[in-house]
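Here's the structure we're looking at; comments come further down.
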Amino acid sequence: MTRWPERAPLGGLAPRRRRFVLIMTAIVLAVAVLVGVSVAREYAVPAKADPAVMGPVVLVPGYGGNTAALQALALRLQVVGRPAVVVNLPDGGTGDFAAQAAAIDDAVRDLLRHDGATSVDLVGYSAGGVASWLYLETGTTAPAIRRLVTLGSPLQGAELAAAGGALVPGACPRACQQLAPGSSLLARLAAQPRPDIPWLSLWTDQDETVTPPTSSALPGVRSIRLQAVCDGILIGHGQLPTAGLAVGLTLRALGTRPLPVPVPGDCTRLQAEGVGRPVLVGTR
């Protein structure tokens, strides 16, 4: 059998062209390696947050994605020296919670990668608390989360969502369906161990949106009914991110001490801390 002489892959090229091809191949390989390293670094799992290091705060809006309700809270955090960003949720906060959790992941990654943060705190308002919970279970950057506060979050579902899905199915988007009590998402989250970080759930018994309001009192999570601290205080669902009592408790929960366990005697002081006014003598 006749055997043809073997040739190197570039053996048929002129020396100058062969040199050019080799140089371009080396450049392409070098760029590919750099891109791979950059991507790996960008999406690497961060170190576990140091409980003593207070970093920036990521605030997650509720169903509908309206960020205005959280801007005042973000400003209050900034006044006390805590950088704060409000997440813009995809689909106006009405789409699948998996996409909302991914948006939180992106926001935290940006703080870690580009702002030099080593720990991040989370505040989830209303359905934003559910998105934050899911993110802690699925997010690549979740180990960097130090503490979580949820405000009036339907952690066990909302009867309003169930009613909307039953009465007008086409008017109940994916997030609405997932907020119905007993949904597959909420059942899956409830079956998992609670995130291994300090988590405080604040709620009001006058919540007209999350019904029953006790949906925010998730077993295994520290929860505080605001009226147990300030008897008879009027706080509706929409006021939770701005009410002095809720803000005061949030500021304490995002500190370095154990989560607050307030008593009625703390009412005036907590409200004052929330709005930034001097505390009256005798209220400590």
Measuring only between side-chain heavy atoms, which start at C-beta, is [X] closer than 4.5 Å to [Y]?
X: Q71; Y: V86; answer: yes
X: V57; Y: V85; answer: no
X: I145; Y: L136; answer: yes
X: S153; Y: Y125; answer: no
X: P212; Y: E159; answer: yes
X: L251; Y: R76; answer: yes
X: E137; Y: P195; answer: yes
X: N66; Y: P61; answer: no

So if you build clusters from Ile, Leu, Val, Met, Phe, Trp, Tyr with side-chain heavy-atom gaps below 4.5 Å, do [X] and [Y] land together?
X: L245; Y: L200; answer: yes
X: I224; Y: L155; answer: no
X: L148; Y: F97; answer: yes
X: V123; Y: Y63; answer: no
X: L77; Y: V120; answer: no

Pairs touching residues 195-204 that satisfy side-chain hydrogen bond (donor to acceptor under 3.5 Å, both in side chains), sequence neighbours left out
T150-W199, T204-Q227
side-chain hydrogen bond (donor to acceptor under 3.5 Å, both in side chains) pairs, two or more places apart, involving residues 230-252
S126-H237, D207-H237, R252-E273
For [X] versus [Y], what's the shortest heavy-atom pair and its separation?
X: L259; Y: R222; value: O-NH1, 3.2 Å
X: L122; Y: S132; value: CD1-CB, 4.0 Å
X: A144; Y: A49; value: O-CB, 3.3 Å
X: P241; Y: V247; value: O-CG2, 3.5 Å
X: A246; Y: L202; value: O-CD1, 3.6 Å
X: V130; Y: P154; value: CG2-O, 3.7 Å

Taking side-chain hydrogen bond (donor to acceptor under 3.5 Å, both in side chains) as the test, write out the residues that go with R147, two or more places apart.
none
Please check: side-chain N/O of Q156 versus main-chain N/O of S216, any donor-acceptor pairing under 3.5 Å?
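Judged by distance alone, no pair lies under 3.5 Å.
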Could you tell me whether a side-chain N or O of D105 sits under 3.5 Å from a main-chain N or O of T141, the two making a donor and an acceptor?
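A pair under 3.5 Å: yes.
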Lys/Arg-Asp/Glu bridge criterion (N-O < 4.0 Å) met for R109, D106:
yes
In plain terms, say whether R82 and D121 are close enough for a salt bridge, that is, a side-chain N and a carboxylate O under 4.0 Å apart.
yes
Testing D115, V108, D110 for side-chain contact (heavy atoms from CB on, under 4.5 Å) with L112, which one passes?
V108
Without hydrogens or angle criteria, can the side chains of D50 and S119 be said to hold a donor-acceptor pair below 3.5 Å?
no
